[in-house]
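Data block below; observations after.
By convention here, the first residue in the shown sequence is residue 1.
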Amino acid sequence: MNRSLKKLASLGFAVVARLESRFDNAYAMDGIPMSETVSHSKWQTFLYELGNKKGMQVLEIGSREVTGHSNARKHFRDAHYTGFDFYSGNNVDIVGDVHRLSSYFPESEKFDIIYSSACFEHFAMPWLAAVEIAKMLKVGGTLFIETHFSFRAHERPWNFFQFSDMGLKVLFSPALGFECIEVGMSNPIVGRFSALADEYLRYKPIAGLYCHVEYLGKKVREVQSFDWNQVSLPDVVSGTTYPAPK
């Protein structure tokens, strides 16, 4: 598609979307928690206010400037900020693999805040990353994770997972020493199956889509020699069950 056609299509989509937006509430679903304190538009301010203090140790996982300039170092200027990423680049202090995060730091080094935005979908083994993050966070420390619940394919081929609110609670459960403070979705999406889908699905609406999911937690205890193979289902599902047959 040439540039003129792309521009025309974009304008057409915008007009149609504006007309269809009158029905957006019909795509909402009950029972899905929405982030408040750490929603997509609020989490940075929350963390800056919490962590920009003398003596605070802050670790950002996935700190490299990819989609724009990072203000993290500026807003954590009174704290000790460390940027960690798979590649070197602007705003990166340590280059490494998050699945081996603790191996890049002295055994005695721990952080008061660890956070990551738009990265967990790119981790091949997020359950291992969760364990490594737990090792590096102080007891009493704050953890914030934002990733995608529904989003386009990007940064392929390393676009591995998408997460629900419950998915993040399972990764950072009491079994790993965490207490969930808030978890929820941000930025609702309106969806439908396209004309290219299987015939029985074409044009059908898809409700309950959200771009972002956020988890805010606190490490409340140290778990020595954590092993996912030793964790039982009730330990991670927060007292919930799969919906019973009707």
Side-chain angles (χ1 to χ4, degrees), residues 27-40 42-43 46-47 59 61-62 98-102 111 113-151 158-189 191 206-246:
Y27 289 84
M29 288 182 66
D30 295 332
I32 297 179
M34 299 298 291
S35 297
E36 296 179 6
T37 303
V38 288
S39 66
H40 181 67
K42 295 179 180 177
W43 68 263
F46 174 84
L47 290 182
L59 175 64
I61 297 172
V98 69
H99 304 93
R100 300 175 57 248
L101 180 67
S102 62
F111 292 89
I113 296 174
I114 297 179
Y115 74 100
S116 180
S117 175
C119 290
F120 256 74
E121 66 268 28
H122 304 298
F123 297 160
M125 297 172 284
W127 54 94
L128 297 185
V131 175
E132 287 296 297
I133 288 170
K135 289 179 183 178
M136 297 306 304
L137 189 63
K138 295 178 181 178
V139 172
T142 298
L143 171 68
F144 173 78
I145 303 295
E146 179 179 68
T147 183
H148 292 299
F149 174 67
S150 305
F151 198 56
W158 281 24
N159 189 188
F160 297 109
F161 295 96
Q162 295 184 339
F163 295 84
S164 68
D165 53 312
M166 283 299 296
L168 291 182
K169 287 183 73 175
V170 166
L171 284 180
F172 298 102
S173 72
L176 191 53
F178 286 94
E179 174 186 294
C180 179
I181 298 171
E182 178 178 290
V183 66
M185 307 290 189
S186 294
N187 296 318
I189 296 174
I206 307 169
L209 297 179
Y210 300 84
C211 183
H212 300 99
V213 57
E214 295 89 13
Y215 172 95
L216 177 66
K218 178 180 180 181
K219 183 176 174 181
V220 294
R221 66 188 181 97
E222 199 73 63
V223 179
Q224 301 293 337
S225 303
F226 180 86
D227 182 355
W228 280 110
N229 290 320
Q230 302 302 315
V231 178
S232 65
L233 183 61
D235 292 335
V236 297
V237 295
S238 307
T240 64
T241 61
Y242 188 84
K246 295 181 180 179

What distance do [X] atom [atom1] and [Y] atom [atom2] have between them, rounded to the nearest 0.5 Å?
X      : Y      : atom1 : atom2 : result
Lys218 : Leu137 : NZ    : CG    : 11.0 Å
Leu216 : Leu47  : CG    : CG    : 7.5 Å
His40  : Tyr210 : NE2   : OH    : 16.0 Å

What pairs of residues pass the side chain to side chain donor-acceptor pair (under 3.5 Å) test when at least one of them lies in residues 128-137, not counting sequence neighbours?
Ser102-Glu132, Glu132-Lys135
Filter on side chain to side chain donor-acceptor pair (under 3.5 Å), then keep only pairs touching residues 163-188, sequence neighbours left out; what's left?
Thr37-Glu182, Ser186-Glu214, Asn187-His212
Check for a donor-acceptor pair, side chain of [X] on one end and backbone N or O of [Y] on the other, with a separation under 3.5 Å.
X      : Y      : answer
His122 : Trp158 : yes
Glu222 : Val139 : no
Trp43  : Phe144 : no

Is the CD atom of Gln162 crowded by more than 12 outside heavy atoms at less than 6.0 Å?
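Result for CD/Gln162: enclosed.
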Using a 6.0 Å cut-off, check whether atom CZ of Arg100 has over 12 heavy atoms from anything other than its own residue.
no
With a 4.5 Å limit on heavy-atom distance, are the side chains of [X] and [Y] in contact?
X      : Y      : result
Leu59  : Ile133 : no
Ile61  : Phe123 : yes
Ser35  : Met185 : no
Thr142 : Tyr115 : no
Phe226 : Leu176 : yes
Leu171 : Tyr215 : no
Phe178 : Lys219 : yes

Residue pair [X] / [Y]: nearest heavy atoms and the distance that separates them:
X      : Y      : answer
Cys119 : Gly62  : SG-CA, 3.5 Å
Glu121 : Phe161 : CB-O, 3.0 Å
Lys42  : Glu36  : CD-O, 3.2 Å
Cys211 : Phe151 : SG-CD1, 3.6 Å
Gly191 : Tyr27  : O-CE2, 3.3 Å
Phe172 : Phe120 : CZ-CZ, 3.7 Å

Scan residues 223-246 for pairs that pass salt bridge (charged side-chain N to carboxylate O under 4.0 Å, His left out), counting only residues two or more places apart or in two chains.
none
Test log, rule side-chain contact (heavy atoms from CB on, under 4.5 Å), inputs Val237 and Tyr242
CA-CA 10 Å; Val237 295; Tyr242 188 84; over 6 Å; no
